[in-house]
Amino acid sequence: MLKGKKYLILGVANERSIAWGITQALHQAGAQIALTYMNEAIEKRVRPLAAEIGCDTVLRCDVQSDQELDQLFADLKSRWGALDGVVHSIAFADREDLQRPFSQTSRKGFNLALDVSAYSMIAVAGRAAELMTNGGSLITLSYLGAERVVTNYNVMGVAKAALECSVRYLAADLGARNITVNAISAGPIKTLAASGIPHFKELLSAFAEKAPLRRNTTLEDVAKTGLFLLSPNGSGITGETIYVDCGFNIIGL
Ligand code: NAD
Ligand code: 0WE
């Protein structure tokens, strides 16, 4: 279905990463894939995964560096020429900021969370759009904490609000070039980014009890919606935040 189409995926850290779930779905649909890693430690994890899907384009990119972003897209341009889609699946905040009272968030912690988790989507989209000469689609990952207060999500909630709003402004900006931009708001999934979050297990069981589908969100749930948005089937959808959360967000009490 996506034979000959080329997708850049940022944010694979291991086999549990949401980005890896989407990568596998794209690969099964016949797409060609480029993966990125932020540092050597992650590179060691990503290279074997890339080999599993016959991907030979594995490039470094710490999204806090404009220079590494420029290098990434220069490499992609020379290897591929054009690009059909991008998956942005990156977030980071200081661990202390996900534990301290929100009113104690430091300027440094705020800037870090917003830089890595929100600005990076704008930085990636602008550069990617230059290579999307035949239109294209970008997706990013968000969480309900953007809209509602989730205990301890704190500055990440503010970053996700900025991310979802950036998705709308990017959609308006890039729409004339037939480029769609959307966010998937996923329910909690036990990934590396969720490890070490205090009481995450309890959060998962409370979620499954309350969600209309009475279960937790899976990597496959998110991957299937990602595939849809990145395929021609998603052609009329842009600027949206789509919930893939077993219906959790609709429940009041
Ligand atoms: P993950 O740890 O597998 O992925 C996070 C990725 O961000 C990692 O690959 C990490 O290397 C990358 N990253 C962090 N800082 C970076 C930087 N400076 N430059 C480049 N890459 C950097 O965890 P995940 O749960 O798959 O997270 C992916 C996305 O999904 C995040 O945006 C997260 O907020 C979002 N999300 C996660 C959940 C969940 O419960 N797991 C729910 C909703 C949304
Ligand atoms: O977006 C996320 C997690 C993002 C994240 C996780 C970490 C842990 C390790 C960002 N930065 C860091 N920094 C670290 O040092 N999620 C949606 C998962 C998540 O995180 C929570 C959640 C959920 C759900 C934190 C508190 C409460 C709920």
Side-chain angles (χ1 to χ4, degrees), residues 8-23 35-46 49 58-69 72 87-100 102 109 111-121 123-124 139-164 166-167 183-204 206-207 216-219 221-223 225-226 241-246 248-249:
L8 169 66
I9 302 178
L10 303 100
V12 176
N14 61 32
E15 69 290 341
R16 290 200 299 199
S17 295
I18 292 174
W20 179 243
I22 299 170
T23 300
L35 298 177
T36 68
Y37 57 89
M38 68 172 291
N39 58 33
E40 288 71 29
I42 305 284
E43 180 182 12
K44 282 202 194 99
R45 299 282 196 154
V46 172
L49 292 173
V58 183
L59 303 166
R60 182 187 170 100
C61 183
D62 181 332
V63 296
Q64 287 199 275
S65 161
D66 284 329
Q67 192 258 318
E68 289 190 25
L69 281 160
L72 167 67
V87 177
H88 172 281
S89 185
I90 288 173
F92 191 77
D94 267 336
R95 188 174 290 276
E96 300 84 81
D97 284 328
L98 304 178
Q99 291 169 6
R100 267 202 286 266
F102 179 64
N111 286 340
L112 173 66
L114 274 281
D115 186 35
V116 175
S117 316
Y119 176 73
S120 66
M121 178 62 180
V124 165
I139 62 169
T140 186
L141 273 298
S142 193
Y143 177 59
L144 184 62
E147 268 201 295
R148 316 262 184 82
V149 172
V150 174
T151 305
N152 291 332
Y153 200 60
N154 295 358
V155 74
M156 272 307 308
V158 179
K160 291 302 194 189
L163 177 68
E164 291 181 9
S166 300
V167 161
I184 294 176
S185 184
I189 301 176
K190 200 169 176 304
T191 63
L192 186 63
S195 75
I197 304 292
H199 313 298
F200 197 76
K201 262 209 197 108
E202 287 85 344
L203 187 135
L204 283 178
F207 182 98
N216 281 113
T217 307
T218 65
L219 215 52
D221 291 327
V222 178
T225 298
T241 297
I242 297 188
Y243 284 88
V244 180
D245 68 346
C246 299
F248 183 88
N249 76 93

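Numbering of ligands and ligand atoms starts at 1, following listing order. Worth saying up front: this structure is predicted, and the values here are computed from it rather than measured.
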Before accepting this row, confirm whether a basic side-chain N of the pair R60/E68 lies closer than 4.0 Å to the acidic partner's carboxylate O. yes
Under 4.0 Å, heavy-atom basis, I'd like to know which part of T140 is in contact with ligand 1: side chain, backbone, both or neither. neither
Measure T151 to ligand 2 on non-hydrogen atoms and call it side chain, backbone, both or neither using the 4.0 Å cut-off. backbone
The closest protein heavy-atom partner of atom 44 (C) of ligand 1 is S142 O, 3.0 Å
Contact with ligand 1 for S185, non-hydrogen, under 4.0 angstrom: no
If you apply the rule side-chain contact (heavy atoms from CB on, under 4.5 Å), what do you find for I18 with L219, and how did you get there? CA-CA 6 Å; I18 292 174; L219 215 52; 4.0 Å; yes
Of the side chain and backbone of R16, name the one, both, or neither that has a heavy atom under 4.0 Å from an atom of ligand 1. neither
Checking the N or O distance criterion of under 3.5 Å, is ligand 2 in contact with K160? no
Ranked by distance from atom 24 (P) of ligand 1, the top protein heavy atom is T191 OG1, 3.4 Å
Can V150 and Y143 be said to form a side-chain contact (heavy atoms from CB on, under 4.5 Å), step by step? CA-CA 10 Å; V150 174; Y143 177 59; 3.8 Å; yes
Which protein heavy atom lies closest to atom 34 (O) of ligand 1, and at what distance to 0.1 Å? K160 NZ, 2.8 Å
Over all atoms of both residues, closest heavy-atom pair of G109 and D97: CA-OD2, 3.2 Å
Please state which protein non-hydrogen atom is closest to atom 28 (C) of ligand 2 and give its distance, to 0.1 Å? L203 CD1, 3.9 Å
Considering only non-hydrogen protein atoms, determine which one is nearest to atom 21 (C) of ligand 2 and report residue, atom name and distance to 0.1 Å. Y153 CD1, 3.5 Å
Taking the minimum heavy-atom distance to atom 9 (O) of ligand 1, which of A186, G11, A194 ranks first? G11
Report yes or no: does a heavy atom of A193 sit under 4.0 Å from some atom of ligand 2? yes
Do L203 and I197 have side-chain heavy atoms sitting under 4.5 Å apart? no
Among the heavy atoms of H88, does any lie under 4.0 Å from an atom of ligand 1? no
Once you restrict to heavy atoms under 4.0 Å, what part of L141 touches ligand 1? Side chain, backbone, both or neither. both
Take N249 and T241, measure what side-chain contact (heavy atoms from CB on, under 4.5 Å) needs, and give me the verdict at the end. CA-CA 12 Å; N249 76 93; T241 297; over 6 Å; no
F92 to ligand 1: N or O pair under 3.5 Å? no
Ligand 1 to A193 polar contact by distance, N or O atoms, under 3.5 Å: yes
Test of understanding: given a 4.0 Å heavy-atom threshold, classify the contact between Y143 and ligand 2 as side chain, backbone, both, or neither. side chain
Identify the closest protein heavy atom to atom 18 (N) of ligand 1: which residue and atom is it, and at what distance? D62 OD1, 2.9 Å
Could you find the nearest protein heavy atom to atom 10 (C) of ligand 1 and give me its residue, atom name and distance? M38 SD, 4.3 Å
Can you tell which part of S120 has a heavy atom less than 4.0 Å from ligand 1: side chain, backbone, both or neither? neither
So for C61, does at least one of its heavy atoms come nearer than 4.0 angstrom to any atom of ligand 1? yes
What atoms in ligand 2 come closer than 4.0 Å to a heavy atom of F200? 23 (C), 24 (C)
Which residue owns the protein heavy atom closest to atom 21 (N) of ligand 1, what's the atom, and how far is it? I90 CD1, 3.4 Å
Between the OG atom in S195 and the CZ atom in R16, the distance rounded to the nearest 0.5 Å is 7.0 Å
All heavy atoms of N39 vs all of I42, minimum pair found to be OD1-N, 3.0 Å
If we number the atoms of ligand 2 from 1 as shown, the ones under 4.0 Å from a heavy atom of N152 are 26 (C)
Please list the nearest protein heavy atom to atom 40 (O) of ligand 1 with its residue and the distance rounded to 0.1 Å. I189 N, 2.8 Å
Nearest heavy atom to atom 5 (C) of ligand 1 wins, so pick from S89, S17, A13. S89
Neighbour count >12 (heavy atoms, 6.0 Å) for atom CZ, R45: no
Tell me the protein heavy atom at minimum distance from atom 38 (C) of ligand 1, and give that distance in Å. I18 CD1, 3.9 Å
Interatomic spacing from CD1 in I139 to NE2 in H88 - rounded to 0.5 Å: 11.0 Å
In terms of its nearest heavy atom to atom 10 (C) of ligand 2, the top option of S185, G157, S117, A93 is A93
Nitrogen or oxygen atoms of P188 and ligand 2 under 3.5 Å apart: no
Atom 9 (C) of ligand 2 sits nearest the protein heavy atom R95 NH2, 3.5 Å
Kindly give the heavy-atom pair with the smallest separation between L163 and S142, and that separation in Å. CD2-CB, 4.5 Å
